2 protein chains.
Amino acid sequence: MAIKERKEREKADMRNLIIDSATQLFLKQGYDKTSIRNIAEDIEYSPATIYLYFKDKDEIFYVIHENAFAILDKQFRKHDVIENPYERLIAVCKTYVRFAMENPDYYDLMFIMRAPLSQIKSEEKWNAGNCAFEYLLQTIDACLERKLIRPADKYVLSIAVWSFGHGVVSLHVRERLCVMGMPDDVMLSMMESSLNFFLASLKA
Amino acid sequence: MAIKERKEREKADMRNLIIDSATQLFLKQGYDKTSIRNIAEDIEYSPATIYLYFKDKDEIFYVIHENAFAILDKQFRKHDVIENPYERLIAVCKTYVRFAMENPDYYDLMFIMRAPLSQIKSEEKWNAGNCAFEYLLQTIDACLERKLIRPADKYVLSIAVWSFGHGVVSLHVRERLCVMGMPDDVMLSMMESSLNFFLASLKA
DNA sequence: TAAATATAATAAACACTGTTTAGTAAAAGC
DNA sequence: GCTTTTACTAAACAGTGTTTATTATATTTA
């Protein structure tokens, strides 16, 4: 019976419609101003309809969060061609920071906001995050094997690298790096210098 | 006229009453569940009364945020007695991380949440943050003078150290460090190892 | 001291929010 | 054609931050 398949297609289409609208509103107006009623009005359905396709608001933002991870992952995979693992590590870090600077709202949702957490917990593990972390872990492991970076536990190193990257970027995203009256461009170059300093200090 | 003074005292008392109640509710139930109506009920006044003492909810949380910085600052100043600047730097970093782990809600408000930002912007500068950053900056400057750490611009180094510390603890506070099925205690020791690795890599 | 004024507090409303429930049309199955 | 299932929604619920109009109290002035 093809009707069942068509219905499934329509269900998926509706989910996409909601996600597309929510994503657009989220990137344009931010999380707080992206209400269920706003999304409903945008797609010309009643608010209650949205709850036929998503459990709650958190689930919508969990999907957006997953989509954002897919974008970042795509950018990571581009570095597969870099043969030298240390150079690849540097490229991955720069990509991570650039992604955050170019997509602060996505970054916030992926690594700072609490919204997707309920879903992550109910799914028992953070698939998207795991996948990205795995890429870092493998790169660092390759660096260690070729003795390109100072020896240490690969997990400890991965956490260190991720923490540093997340630290710079999240202080910026949540506007805490405006200490002292530095102009924006000076601050940005300081952030870059800090990252370069850190990455250089990893070298064997 | 002593009446004016008494009135000022009463006004200050009322502000304290509100802040104390808000702080208690915030630390017990979190930001979202600390509503103006909850605070009002707790202090046995109407919600509208709170607006006679504070411009808005953000202002209340700005004051709580300032109080939290005073606590952190007190813990920092204890390290004044450590003569060696590098040892002091390490102590400051460990204190920073311990503070975040022991007071995750305060940490969130100080370095992650957007709530106090409107006030910070209207006051033209982030006094509390500046003060804490200044302490780090001075410690690092002292390290540089005595050539205890690798030479680099003091601002770049300060941003690096702060970023690293903030990175580890904020990934933890916002529950992103649960990648891979590590048990909590293992994760905590990994975080500590990462911090130690980073601090060691600063050494001249 | 009595009337006028200033202050402090509030009830009620406004405009939102996420979410649920009960009821209604339209489509699908028999 | 009739019954059942599906898709949708209006309206309500319980909450949010904030404002306005009103009242009761305290202070000042005549």
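Quantities reported herein were computed from a predicted structural model and do not represent experimental measurements.
- Scanning for side chain to side chain donor-acceptor pair (under 3.5 Å) contacts around B/His172 gives an empty result, with sequence neighbours left out.
- Listed by first then second residue, pairs satisfying side-chain hydrogen bond (donor to acceptor under 3.5 Å, both in side chains) with a partner in residues 184-195 of chain A number zero, not counting sequence neighbours.
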What string of B, S and - do you get for nucleotides 5-10 of chain C, 5' to 3', if B is base contact, S is sugar-phosphate-only contact and - is no contact with any protein heavy atom under 4.0 Å? --SSBB

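- Contacts of A/Tyr155 classified as ring pair (Phe, Tyr, Trp, His ring centres under 6.0 Å), with partners at least two apart in sequence or in another chain: none.
- Between the OH atom of A/Tyr51 and the P atom of C/dT17 there is a distance of 11 Å, rounded to whole Å.
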Tabulate atom names and distances for all N/O pairs under 3.5 angstrom spanning the protein and nucleotides 14-16 of chain D.
unit_1	atom_1	unit_2	atom_2	d
D/dT16	OP1	B/Ser35	OG	2.9

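- B/Ile60 places its CD1 atom 11 Å from the C1' atom of D/dG17, with the value rounded to the nearest Å.
- Spacing between atom CD1 of A/Ile39 and atom P of D/dC8 amounts to 16 Å, rounded to whole angstrom units.
- Atom-to-atom, CD of B/Glu59 to P of D/dT18 comes out at 11 Å; the value is rounded to the nearest Å.
- Separating the CZ atom of A/Phe54 from the C1' atom of C/dT20 is a distance of 19 Å, rounded to the nearest angstrom.
- With sequence neighbours left out, A/Asp42 forms a salt bridge (Lys or Arg N to Asp or Glu O under 4.0 Å) with no residue at all.
- By the ring pair (Phe, Tyr, Trp, His ring centres under 6.0 Å) test, A/Phe61 is found to be paired with A/Phe26, A/Tyr31, residues two or more places apart in sequence or in another chain being considered.
- In summary, B/Asp13 and B/Arg9 do not engage in a salt bridge, as defined by a charged side-chain N under 4.0 Å from a carboxylate O.
- Under the salt bridge (Lys or Arg N to Asp or Glu O under 4.0 Å) criterion, B/Lys121 pairs with A/Glu175, sequence neighbours left out.
- Residue pairs meeting the side-chain hydrogen bond (donor to acceptor under 3.5 Å, both in side chains) criterion with at least one partner in residues 105-115 of chain B, sequence neighbours excluded, are A/Asp108-B/Arg114, A/Arg114-B/Asp108, B/Tyr96-B/Tyr107, B/Tyr107-B/His166, B/Asp108-B/Arg174.
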